[in-house]
Amino acid sequence: MKLTYYGHSTFLIHTGGKSLVFDPFISPNPLAAAYKINDIKADYILLSHGHGDHVADAESIAKDNDATIVSNYEIVSWYESKGIKGHPMNHGGKWKFDFGTVKYVNAVHSSVLPDGTYGGNPGGFVVWNEEKCFYFAGDSALTWDMKLIPMICPQLDFAILPIGDNFTMGFADAVHAAQFIQCDKIIACHFDTFGYIKTDHQAAIDEFRNAGKELILLQPGQTIEL
Ligand code: NI
Ligand code: MN
């Protein structure tokens, strides 16, 4: 499974023979200025919630690639009204796609679309197939609900958690989240993009190491094999 980070909470993950883009926010992000959204090939775009720093490039990428948006019912309906195809989900539900199974799980945050349309409740995704199982938390506080994930999903191979604090959990809470979800390999997101979420990388890595866990902070544009 190949994973590329495009800054903030944007990831391109190749799995099950398909390309999945998570929360595309590239063109407005100065830290991702080297990347052109027309270079991104996507079959599916998974959106955790409606905030601009998670959906900014979803419409362009979807239209360029004839990609399917996977999100909550409200967000998918908004994109469908723009002529983009989608697969609506809601919390606690799962669906078997051609690349694997996706379960839409709780997040504690807020959600509104860029034009003020109600964005439903925010969520995260657990994705699994024969290759791997991973969790993309989206924007969330640390929440007790994360303890449900190991009870109802396969063992996680890795998880993508926000660590930037202020708008989401910070790295100290993210260590507890990693314990709740019983996962030792965490990839960080939602840090450094804005002043409010500037993060001390070494302090974050040390906090995880002290708990016996690995925190990976990728550079925008970096690709890793998992
Ligand atoms: Ni948000
Ligand atoms: Mn955000």
Side-chain angles (χ1 to χ4, degrees), residues 3-13 20-33 35 37 40 45-62 69-79 86 88-91 104-127 134-143 145-146 159-174 177-178 181 186-201 204 215-220:
L3 174 151
T4 302
Y5 183 50
Y6 285 98
H8 201 51
S9 294
T10 306
F11 292 83
L12 174 64
I13 297 179
L20 281 47
V21 172
F22 291 80
D23 285 3
F25 173 74
I26 298 164
S27 56
N29 182 2
L31 300 183
Y35 307 99
I37 55 169
I40 293 180
I45 302 169
L46 286 77
L47 302 177
S48 63
H49 64 296
H51 289 160
D53 62 317
H54 297 260
V55 306
D57 294 317
E59 184 173 344
S60 311
I61 296 172
I69 290 189
V70 179
S71 189
N72 67 31
Y73 172 77
E74 290 80 3
I75 290 173
V76 166
S77 301
W78 190 70
Y79 282 103
M89 301 187 74
N90 218 323
H91 297 84
Y104 191 62
V105 296
N106 290 354
V108 172
H109 192 66
S110 59
S111 179
V112 66
L113 285 153
D115 67 354
T117 302
Y118 174 60
N121 288 309
F125 300 99
V126 182
V127 178
F134 65 95
Y135 169 44
F136 176 86
D139 279 2
S140 187
L142 173 65
T143 165
D145 286 344
M146 291 169 176
I160 299 170
L161 300 180
I163 64 157
D165 223 325
N166 192 75
F167 297 115
T168 67
M169 57 186 165
F171 60 76
D173 286 5
I181 61 175
I186 304 299
I187 296 169
C189 69
H190 219 271
F191 64 98
D192 286 356
T193 321
F194 327 110
Y196 289 129
I197 62 174
K198 287 265 188 291
T199 299
D200 180 337
H201 293 201
L215 180 70
I216 302 168
L217 292 115
L218 299 169
Q219 297 293 326

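Atoms within each ligand, like the ligands themselves, are counted from 1 in listed order. Computation of the quantities below employed the complete heavy-atom set of this structure, encompassing side-chain atoms and omitting hydrogens, waters and symmetry-equivalent molecules.
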Please work out whether the ring planes of Phe11 and Tyr5 are parallel, tilted or perpendicular, with thresholds of 30° and 60°.
-> tilted
Do Phe25 and Thr193 come within less than 4.5 Å of each other through their side chains, counting heavy atoms only?
-> yes
With a cut-off of 2.8 Å, strictly less than, protein N/O/S atoms near the Mn ion (ligand 2) add up to 4
Rounded to 10°, how many degrees is the angle NE2/His49-the Ni ion (ligand 1)-ND1/His51?
-> 90°
Output yes if Asp53 passes the N/O/S-under-2.8 Å test against the Ni ion (ligand 1); output no otherwise.
-> no
For the Ni ion (ligand 1), decide whether His54 has an N, O or S atom at a distance under 2.8 Å.
-> no
If you check every N/O/S atom of Asp139, which is the one nearest the Ni ion (ligand 1)?
-> OD2
Would the Phe194 and His8 ring centres measure less than 6.0 Å apart?
-> yes
Ring centroid separation Phe167 to Tyr196 under 6.0 Å = yes
So, Tyr6 side chain and Leu12 main chain: donor-acceptor pair closer than 3.5 Å or not?
-> no
Out of Asn166, Asp139, Thr199, which residue meets the side chain to side chain donor-acceptor pair (under 3.5 Å) rule with His190?
-> Asp139
How far apart are the C-alpha atoms of His201 and Phe191, what are their side-chain angles, what is the distance that settles it, and do they pass the ring-ring contact (aromatic ring centres under 6.0 Å, His included) test?
-> CA-CA 9 Å; His201 293 201; Phe191 64 98; 5.5 Å; yes
Residue from Asn29, Ile40, Ile45, Ile37 passing side chain to side chain contact (heavy atoms under 4.5 Å, CB included) with Pro24 = Ile45
